[in-house]
Amino acid sequence: MSNKRKESAMIVSQEYIGADIYSMWIQTEEIASLAVPGQFISMYTKDGSKLLPRPISLCEIDRDRKLIRVVYRVTGEGTGTEQFSELIKGDWIDILGPLGNGFPLDKAEGKKAMLIGGGIGVPPMLELAKQLDTEKVLVMGYRDEQFLADEFSICGNFYVATEDGSAGTKGNVMDAIVANDLSADIIYACGPAPMLRAIKQYAEEKNIVCYVSMEERMACGIGACLACVCKSKEIDSHSHVHNKRVCKDGPVFLSTEVEI
């Protein structure tokens, strides 16, 4: 039985925190109490021409105050994300969630965990960093401008990679891992496919258990439309081929279960 709820929720705050990056806190009735790190919500625009909602990862969950935080990138003019960025405190938005499966926190118990985020895969790692009660190494990769760095720096040993070399290690997250001689017993990662592919290979070479959150573009968010499938080693019971639906079966997978 699904725990997802559709709510009309109020915007508590919204701010611009980086190049095309916005942070929004949303007041919920039930979603915050049900959500776990690694899940996402679908956000609906008020534009009738955009029938499908936009899937946005959860960045923070405040169960006590029934709040969720999403940090997202505006992807262009006239897009759903641009419309979200124009919302202000007191506005209302329809949301559906929590969706997908989250990161398995129990697998890190008593282990050293490495959390790796790249680009817009950085935000979902923050709530995971807050909830994991174990030794943590945090490696976040940015094109240039950093965001959420202050929040990460208080959650564990924090390392940065930037493509332009403006902060931390010049290059990508794997460059930062090598440059700082980092190691861990378990890896959690979220980011673009090339990054996840490199991390999956690294984890297999080092024999490290690794969980990846896939960033496929989702449409329905509930597993019906098959627009966000990824290749898997097992045959999917829904489509009867070697596919998994990122929104329904994921977005978090054990790295050895999927092809990236």
(request) Check whether more than 12 heavy atoms from other residues, nucleotides or ligands sit under 6.0 Å from atom CG of N207, and answer yes or no. (result) no

(message) Could you check whether any side-chain N or O of Q14 sits under 3.5 Å from a backbone N or O of F84, counting only pairs where one atom can act as donor and the other as acceptor?
(response) yes

(request) Might you work through the side chain to side chain contact (heavy atoms under 4.5 Å, CB included) test for Y202 and I208, ending with a clear yes or no? (result) CA-CA 8 Å; Y202 167 79; I208 303 171; 4.2 Å; yes

(message) Do L138 and L115 make a side-chain contact, defined as non-hydrogen atoms from C-beta onward lying under 4.5 Å apart?
(response) yes

(request) Evaluate the side-chain proximity of F152 to V122: yes if any heavy-atom separation is below 4.5 Å, no if none is. (result) yes

(request) Calculate, to the nearest 0.5 Å, the distance between atoms CD and CG belonging to E29 and L34 respectively. (result) 11.5 Å

(message) Using 0.5 Å steps for rounding, measure from the CE atom of M174 to the CD1 atom of I199.
(response) 7.0 Å

(message) Let me check something: do I260 and V173 share a hydrophobic cluster, defined by ILVMFWY side-chain heavy atoms less than 4.5 Å apart, either directly or through other members?
(response) yes

(request) With Y72 as reference, evaluate P55, S57, S85 under the side chain to side chain contact (heavy atoms under 4.5 Å, CB included) test and give the passing residue. (result) S85

(message) Listing request: all salt bridge (Lys or Arg N to Asp or Glu O under 4.0 Å) pairs with a residue in residues 67-84, at least two apart in sequence or in separate chains.
(response) E60-R69, R69-E151

(message) Is there a continuous path of hydrophobic side-chain contacts, each under 4.5 Å between heavy atoms, that joins F40 to V36?
(response) no

(message) Could you check whether any side-chain heavy atom of M114 comes within less than 4.5 Å of a side-chain heavy atom of I177, counting everything from C-beta outward?
(response) yes

(request) Could you pull out the closest heavy-atom pair between F103 and S213, with the gap in Å? (result) CZ-CB, 3.7 Å

(message) Could you check whether any side-chain heavy atom of L128 comes within less than 4.5 Å of a side-chain heavy atom of L105, counting everything from C-beta outward?
(response) yes

(request) Write down the atom of L132, the atom of A113, and the distance for their closest heavy-atom approach. (result) CD1-CB, 4.1 Å

(message) Which heavy atom of V258 sits nearest to which heavy atom of M214, and what is that distance?
(response) CG2-SD, 4.5 Å

(request) Determine, using the 4.5 Å side-chain heavy-atom cutoff (strictly less than), whether V71 and L58 are members of one ILVMFWY cluster. (result) no

(request) Taking the side chain as every heavy atom from C-beta outward, state whether K200 and C210 have any pair of such atoms under 4.5 Å apart. (result) no

(request) Spell out, yes or no, whether Y22 and I11 are grouped together once hydrophobic residues are joined by side-chain heavy atoms under 4.5 Å, including indirect joins. (result) yes

(message) side chain to side chain contact (heavy atoms under 4.5 Å, CB included) for M24 and M43? Distances and angles first, verdict last.
(response) CA-CA 12 Å; M24 180 193 292; M43 298 170 59; 3.9 Å; yes

(request) Provide the closest heavy-atom pair for A32 versus R63 in the form atom of the first, atom of the second, distance. (result) O-CG, 3.3 Å

Under 3.5 Å, which donor-acceptor pairs link side chains of residues 89-100 to any protein atom two or more places apart or in another chain?
{"residue": "D91", "atom": "OD2", "partner": "I88", "partner atom": "N", "Å": "2.9"}
{"residue": "D94", "atom": "OD1", "partner": "S8", "partner atom": "OG", "Å": "3.4"}

(message) Side-chain heavy atoms nearer than 4.5 Å, only ILVMFWY residues, links allowed to pass through others: does that put Y142 and I21 together?
(response) yes

(request) Give, for atom CE of M125 and atom SG of C155, the distance between the pair rounded to the nearest 0.5 Å. (result) 11.5 Å

Report all side-chain donor-acceptor pairs from residues 180-190 shorter than 3.5 Å, counting only partners two or more places apart or in another chain.
{"residue": "N180", "atom": "ND2", "partner": "A176", "partner atom": "O", "Å": "2.8"}
{"residue": "D185", "atom": "OD2", "partner": "K112", "partner atom": "N", "Å": "2.9"}
{"residue": "Y188", "atom": "OH", "partner": "P104", "partner atom": "O", "Å": "2.7"}

(message) Can you tell me how far apart CD (E7) and CD (Q27) are? Round to the nearest 0.5 Å.
(response) 9.5 Å

(request) Measure the CD-CD1 distance between E127 and I68 for me, rounded to the nearest 0.5 Å. (result) 11.0 Å

(message) Has S255 got a side-chain atom pairing as donor or acceptor with V212's backbone, closer than 3.5 angstrom?
(response) no

(request) Would you check, one step at a time, whether the test side chain to side chain contact (heavy atoms under 4.5 Å, CB included) holds for V160 with Q146? (result) CA-CA 9 Å; V160 168; Q146 297 177 63; 3.5 Å; yes

(request) Determine yes or no for a side-chain-to-main-chain donor-acceptor pair under 3.5 angstrom, with T81 supplying the side chain and T75 the backbone. (result) yes

(request) Give the minimum heavy-atom separation between G18 and E145, together with the two atoms involved. (result) CA-OE2, 3.6 Å

(request) With side chain to side chain contact (heavy atoms under 4.5 Å, CB included) as the test, would you mind laying out the steps for L254 and V209 before giving the verdict? (result) CA-CA 8 Å; L254 188 62; V209 174; 3.9 Å; yes

(request) Output yes when a side-chain donor or acceptor of R143 lies under 3.5 Å from a complementary backbone atom of G141, and no otherwise. (result) no

(request) Could you tell me the separation between the CG atom of L148 and the CE atom of M140, rounded to the nearest 0.5 Å? (result) 9.5 Å

(message) Show the nearest heavy-atom pair for residues V70 and I26, with the distance to one decimal.
(response) CG2-CD1, 4.2 Å

(request) Say whether, by atom type as modelled, one donor and one acceptor occur between the side chain of T162 and the main chain of D144 under 3.5 angstrom. (result) no

(message) If we ignore hydrogens and angles and just use 3.5 Å, is the side chain of K170 paired with the main-chain N or O of E163 as donor and acceptor?
(response) yes

